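Everything on this sheet refers to the single structure shown next.
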Amino acid sequence: MRNQTLRYIDWLTVFLYAALVLIGLLSIYSAVYAPQDPKPIYSLTHAAGKQLLWIGGTLLIITVIFFMDYRLFESLGYIAYGVGVLLLALVLVFGVKIGGARAWFDFGGIRLQPAEFAKVFTSLALAKYLSNKEVRLNRWRDLLIAFGIIGLPALLILLQPDAGSTLVFAAFVLVMFREGLSPLFLIIPALFGLTFVLALVIQPISYLLFAFLVLAALLIALLSYLNKGFSFKLLLVVGIPTLILMGFAASVDTIFQSDKILKPHQKERILVLIDENIDKEARRSRYNLQQSKIAIGSGGFAGKGYLQGTQTKFNFVPEQQTDFIFCTIGEEFGWLGSMTLITLFVALMSRIVYIAERQKLRFARIYGYCVASILFMHFTLNLAMTMGLFPVVGIPLPFISYGGSSLWAFSTLLFILLKLDAHRNQIFWT
Amino acid sequence: MQLEGRKYLFYTLFVLTGLVFAVRLFFLQLVDDSYKEAANRNVVERLIEQPHRGLIYDRNGKLIVYNEPVYDLMLIPYDFKGVDTASFCRLTGLSKAELIKRIRKIPNPRKGGVIIPQLSRREYARLQELLSEYKGIYVQARSVRVYPHQSLANALGYIAEISPRELEKDTAGYYQQGDYVGKSGIEAFYEPYLRGEKGIRYVVKNNFNQIVGSYKEGALDKAPRAGSELVASIDLDLQAYGELLMSNKTGAIVAIEPATGEVLALISAPSYDPNLLSGPKLSTHFAELLRDPRKPLYNRAIQSRYPPGSTFKTVQALIGLQTGALHLYDYLPCNQSLVGCHGHPSPTNVVSSIRHSCNPFYYLAFRRVILQGGDDFETIVKNYNQWRQYVERFGFGRRLGIDIANEGKGYIPDIGYFNRMYGEGRWGFSNIYSLSIGQGEIGVTPLQMANLAAIIANRGYYYPPHLIKEVRELGGPLPAYRQKQTVPVDTSYFTPIIEGMEMAFKAGTVSWQAHLPPDKQHIVICGKTGTVQNPHGEDHATFIAFAPKEKPQIAIAVYVENAGFGGVWAATIASLMIEKYLTGEVSRKELEKTTIQKTFSPKKHP
């Protein structure tokens, strides 16, 4: 079985994975490196040495996955999901609170974050459910069950509270779209999201409302022309969504003001993106954003050189070895280095979609899309946040950020796919 | 299956996202330079290292000024939070209101500022341990000027924090707010030499504003260069002695080495302890000195405008001889109907007129100078202008250029003055004759008078008087002080003047009291007395002298307000100074004591 795995494993993916993990390790070393007191990379007194330990752990995990029967992942999908959800519930009771969130189990100094693993088991369970030929995503009952599978762990994570990790679960909507979900599930949230941003940026709001009316009128005129004739139905199809969006736009301010929907610090994080000086009180949020942008921006074309960064070296950037690890790369390797990293990620994600599409098992394909979508979500949100394009949400950059739970979870997620992929041709013999 | 086509949405999404990031990073990293600057501001700070201010020695190598460390207590408001202010106030002796007031004055709450300036080493030692408990408190060492004596205050001047106006004038941008600069005296004049050059140190700081190392291993750093040492021409012992003699008197003494123009003593009385204008109470003391009715901050030696009285007769005689209006063997009668005089043999010639200070002689001599070649107004104007030019060449009516600021010019009236006073063409010799005996509109500084004594001692030239004989980095005085200035009077004409001055001291207008003790009488002093009429009270006494007659080593001018006849106390003080300088020791202890104790009231004696 092992020979089979190694012979058919997708070495390109393994190479991309290894490259990212190595970049991650070196970046973490640079982020915690103190020029006045240099320590070797393997020193366990700092994060880089520990990350080295976690990398050793992933080798063990990968070996275990390779030795398992590939069919086990599908059959154990629901059980894993059940255990995972139970852990998410338990962590709310027995977990230790760090940084305001009760997200960690503490086993005598070794901490585990079940939310990171929730991505793995939710992927398995969703893939298992959607791979059932009876399930139709245009049926409300099935749709609800699918959203339920996603929603339950997401809700438990939101209770910790960890809004960032919850947001990642939106990735599964992309997976469902590939499996036949109506495009409206992507278009409608996108429209609302766009309206929300526009309503915050464009003041006074009446300008935006007026623009909506003009756009709707133009759309109706265009469609009438294409349909060769105006109809009352057309008016309703364009008009009602327009009115709903206008109503939403008008109430964005109220929604934004209310402390029940968004917490004050979350509001600050949104506001500082629009205007760095909008609010004197939002100092902490602005500081993080500014320092992150300064670190990246000062990198220039080719960067300051490895271990030569100043912003990430003297702790100006908060969380520089975890969520803001990209700052170190941006500062020390500049635009070239950043583009290399981004290219590696785009290549990895594309390769995963490619792998997913070549699966003969529905389960394997859907699972593959889960892996690609989750990586995409993390990659996009994390980089957008460090570059000041998205509010600060605390989620790691896969394979790069420091953290055992995160590295192990992403590695597990990826190597289950590679294991499934290595056996994709066996389906004929069984 | 048509759903497979949806995979392209994923590829598109990945690549698009990558492109959005690429563009965003392009602008952040390549287009916008502000982040690079911000990064440098973030971490690299430029620290100024203050150099040591130059020390000043006297001509015998005695230290006049040195630096001593003081400690400014600094407070960073940003970090000074949650501190037990009550105990802090008790420790430092500040009231809570005062503490709050001082904290409010600190311009940058992250960088902090001075909360208590200039703690002494002892106070610092007491507070050091106790203060380490408080957050946001640190101590910054600085230095202040210390004077191991109480002399020379006005000449030395003082240093204080730079004023906004001085900062504006500093176009080179050397100074920063909070820097100390010389405000007056030598400290101000030699500021560019004394201050040295500031050092610069670049340090790297972390986000807590703590220094974590030097920037680029100190490649850009510059060590501070200490200010140049100065060697004053002042003899500190003579200076202190002169100040002692002037106790409770108002006036000035200036002593110059004739051969070099080096000022040996520059005394203005009353004076003050220079240490008063150094240290934490500078502004309080300064205000007190400024309010003092005896005007101790007024440097009489170089600023006041005293009429020279009869000492000016030496100049008149020399001009008369040089212009040919007067001849060596002219005997002129002491005609008291022209101007008052005192009993002495009559008639007199140049030598005996100096010896006895005959007023009518100089009335007649000056008349000859002014009316030479006619008595019409044009001739008078021409002769007066010529006379005035001679007087200026003797260093009067203009600044001699001593190396301290605020030197006075004195005053020699010009034609315009008399024209304004009496109307053009409507004045003549009768309106200006009092100039002949150094009275009237004429005003001179004691420095100019000492310089006159030096000119006579040198028989016709001088070097501009100066207090600093060597700027160490130049290896000598400023170049201007090496320029020999000659007076356009033949050297031979000085001989009768000097002879008259020798006679005046031996057996003329100078009181016997001023004579050197018998064992020191081989030192020949040449002097000229002056008694300046004072319409407001007792006359002022003045005296110029040099000694010894051959190879003179000291030229001196003494001016004592309200001391009456110049031949008594002014001459005595000059004589004591000469004895002190030339022999190192004054043996006339009784006279010395009387002189020190003597006071002169500005009121007229009944």
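Computed from a predicted structure; not experimentally measured. Here is how names work: the chains are called A, B, and so on, in the same order as the sequence lines, proteins then strands, and each is numbered from 1.
- Ranking A:Gly299, A:Ala372, A:Ala384 against chain B, the residue ahead of the rest is A:Ala384, based on heavy-atom pairs under 4.5 Å.
- Between the OG1 atom of A:Thr380 and the CG atom of B:Leu16 there is a distance of 11.0 Å, given to the nearest 0.5 Å.
- In this structure, B:Leu28 and A:Trp335 have side chains that are not in contact, with every pair of non-hydrogen atoms separated by 4.5 Å or more.
- Note that A:Arg178 lies outside the cation-pi zone of B:Phe10, set by a 6.0 Å cut-off to the ring centre and a 45° limit from the axis.
- For B:Leu25, the parts lying under 4.5 angstrom from a heavy atom of chain A are both the backbone and the side chain.
- Side-chain atoms of B:Arg24 do not come within 3.5 Å of backbone N or O of A:Leu389 as any donor-acceptor pair.
- Contact of B:Phe27 with chain A is not made at all, since no heavy-atom distance falls under 4.5 Å.
- When each of A:Tyr369, A:Phe345, A:Phe379, A:Phe301 is checked for heavy-atom pairs under 4.5 Å with chain B, A:Tyr369 comes out on top.
- Contacts with chain B were tallied for A:Pro183, A:Ala295, A:Ser338; A:Ser338 has the most, counting heavy-atom pairs under 4.5 Å.
- Residue A:Ile342 holds its CD1 atom at 6.5 Å from CZ of B:Phe21, rounded to the nearest 0.5 Å.
- When all heavy atoms of A:Met339 and B:Ala22 are compared, the closest pair comes out as CE-CB, 3.2 Å.
- In B:Tyr175, the OH atom is crowded: over 12 heavy atoms of neighbouring residues, nucleotides or ligands sit closer than 6.0 Å.
- Annotation for B:Gln29 and A:Ile296: closest pair NE2-O, 3.1 Å, computed over non-hydrogen atoms.
- B:Leu9 is listed as a side-chain neighbour of A:Leu186, based on a closest heavy-atom distance under 4.5 Å.
- Between chain B and the options A:Glu179, A:Met349, A:Met387, heavy-atom pairs under 4.5 Å are most frequent for A:Met387.
- Highest contact tally toward chain A, considering only B:Val31, B:Val15, B:Leu13, B:Asp32, is held by B:Leu13 [criterion: heavy-atom pairs under 4.5 Å].
- If you measure heavy-atom distances from A:Ser373 to chain B, the contacts under 4.5 Å come from the side chain alone.
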